[in-house]
Amino acid sequence: MKTNLDIAVLIMAAGASRRMDGIKQLMPWKDSNFLLETIKTVRNTNAKSLHVVLGAKAEFINTQCSLKEKNIDIIVNANWENGLGDSIAHGVKVLLQQRPALDGVLICLADQPLLSFEYLNSLIAEYIKHPSKIIATNYGKKLGVPALFPKLLFEELSVLKGDFGAKEILNNKSNVIISLDAADQIADVDTNLEYQNLINRTNNTLNS
């Protein structure tokens with residue numbers, strides 16, 4: 001079994017967060033904001049590298065988070081308005097130009113702040129055992145990200161389009177997929193109400 005697989009993490013942070021007041025990537029969370037806390041989580045995993053895909057307000061986010069000063073590899077998708085699928089495709093293409101021998105790509109979102117590095121490591125550990133399979137997160141009736149994709153699907157990832165991200169690949173029954181349960185760590189935050197609910201939930205947990 002090959003245990004030193006070259007796995008890169010793509011943190012997707014290119015969207016415009018139109019359903020929120022403010023820039024979602026910069027929403028206050030823990031000691032900083034959503035994006036920086038996601039980066040911190042990923043840095044604690046066993047992945048070989050992390051890369052942030054920016055799009056809307058890329059320069060402002062980069063400056064506010066001091067990403068260059070933190071030596072974070074930034075990939076900017078000028079066509080971010082074409083949707084998450086386009087940003088994933090762009091990120092994968094840039095990654096493969098840099099590192100054609102890459103073994104796997106773990107795709108994460110910058111707006112899932114409850115995810116732990118332990119859960120991401122469990123995806124990586126499962127992938128090491130099954131390097132030809134997709135290792136995805138179980139959402140009950142569907143599968144989603146975080147998800148780790150094998151080399152044989154890089155080409156398919158690099159031609160994704162639209163705003164459905166990798167859902168088409170993840171819910172294609174012809175693909176061999178292992179799903180893991182993230183339990184209460186799944187919390188997508190797309191609106192102000194969802195953000196406030198997340199803050200309240202976290203405060204309640206801390207006070208209980």
Side-chain angles (χ1 to χ4, degrees), residues 1-14 24-27 29-54 61-62 65-75 84 87-88 90-92 94-96 98-139 143-154 157 165-166 169-170 177-189 198 202:
M1 186 196 306
K2 188 179 176 184
T3 56
N4 61 337
L5 294 178
D6 187 0
I7 295 170
V9 181
L10 276 183
I11 299 175
M12 308 310 302
K24 181 162 53 172
Q25 297 90 325
L26 302 180
M27 296 300 279
W29 181 249
K30 293 186 180 177
D31 297 328
S32 51
N33 57 49
F34 276 179
L35 178 55
L36 284 176
E37 290 301 325
T38 302
I39 289 170
K40 197 182 298 182
T41 298
V42 171
R43 275 186 156 167
N44 282 322
T45 70
N46 297 325
K48 290 287 177 68
S49 64
L50 78 87
H51 315 262
V52 176
V53 181
L54 296 177
I61 293 170
N62 183 13
C65 295
S66 304
L67 296 180
K68 286 178 183 172
E69 290 80 355
K70 292 179 171 68
N71 293 317
I72 302 296
D73 185 56
I74 303 161
I75 299 170
L84 178 59
S87 291
I88 291 173
H90 181 70
V92 170
V94 171
L95 267 185
L96 292 179
Q98 295 174 352
R99 295 157 65 193
L102 198 62
D103 292 303
V105 175
L106 174 56
I107 294 176
C108 299
L109 304 180
D111 62 352
Q112 294 182 318
L114 297 180
L115 285 167
S116 67
F117 78 88
E118 292 94 343
Y119 177 69
L120 297 180
N121 270 343
S122 70
L123 294 172
I124 293 170
E126 199 65 30
Y127 184 70
I128 288 170
K129 290 186 279 186
H130 307 280
S132 64
K133 298 179 181 179
I134 300 171
I135 315 297
T137 298
N138 188 352
Y139 282 73
L143 300 175
V145 295
L148 215 167
F149 295 87
K151 188 188 289 278
L152 59 89
L153 286 173
F154 288 173
L157 285 170
I169 298 174
L170 290 172
I177 302 174
I178 294 173
S179 64
L180 301 186
D181 188 358
D184 57 357
Q185 293 185 34
I186 294 299
D188 289 333
V189 183
L198 176 70
T202 307

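Residues: numbered from 1 along the sequence shown.
Side-chain contact between L198 and W29 is present, with at least one heavy-atom pair separated by less than 4.5 Å. Within the 4.5 Å cutoff, the side chain of R99 has heavy atoms near those of the S49 side chain. Using a 4.5 Å heavy-atom threshold, the side chains of C65 and L26 count as touching. The shortest side-chain heavy-atom distance between E118 and N121 does not fall under the 4.5 Å cut-off. Looking at heavy atoms from C-beta onward, F154 lies in side-chain contact with L102 at the 4.5 angstrom threshold. Side-chain atoms of L123 and P146, non-hydrogen and from C-beta on, do get closer than 4.5 Å to each other. In this structure the side chain of I39 reaches within 4.5 angstrom of the side chain of V52, judged on heavy atoms. Residues I88 and V105 fail the side-chain proximity criterion, which asks for heavy atoms closer than 4.5 Å.
Here the CG-NE2 distance, from L148 to H130, works out to 12.5 Å after rounding to the nearest 0.5 Å. Between atom OG of residue S179 and atom CD1 of residue I177 there is a gap of 8.5 Å, rounded to the nearest 0.5 Å. Atoms CG and CE, on L84 and M12 in that order, are 5.5 Å from each other to the nearest 0.5 Å. From L170, atom CG reaches atom CG of L153 across 9.5 Å, with rounding to the nearest 0.5 Å. Atoms NE2 and CD1, from H51 and I72 in turn, are 10.0 Å apart once rounded to the nearest 0.5 Å. Taking CD of E126 as the start and CG of L180 as the end, the distance is 5.5 Å to the nearest 0.5 Å.
Across all their heavy atoms, K151 and P100 have their closest contact at NZ-O, 4.1 Å. The minimum heavy-atom distance between A110 and T38, with the atom names listed, is O-OG1, 3.6 Å. Nearest heavy atom pair, residue P150 against residue I134, reads CD-CG1, 3.9 Å. Heavy-atom minimum distance, Y139 versus I186: CE2-CG2, 3.4 Å. Of all heavy-atom pairs spanning L5 and K48, the tightest one is O-NZ, 3.6 Å. Considering every non-hydrogen atom in both A182 and T137, the closest pair reads CB-CG2, 4.0 Å.
When T41, L50, L109 are each tested for a side-chain contact (heavy atoms from CB on, under 4.5 Å) with I11, only one passes: L50.
Partners of N44 according to the side chain to side chain contact (heavy atoms under 4.5 Å, CB included) rule, which considers only residues two or more places apart in sequence or in another chain, are F117.
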Q.
Determine whether L36 and L67 satisfy the following criterion, side chain to side chain contact (heavy atoms under 4.5 Å, CB included), listing intermediate values before the conclusion.
A. CA-CA 9 Å; L36 284 176; L67 296 180; 4.2 Å; yes

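Within 6.0 Å of NZ in K68 there are 12 or fewer heavy atoms belonging to other residues, nucleotides or ligands.
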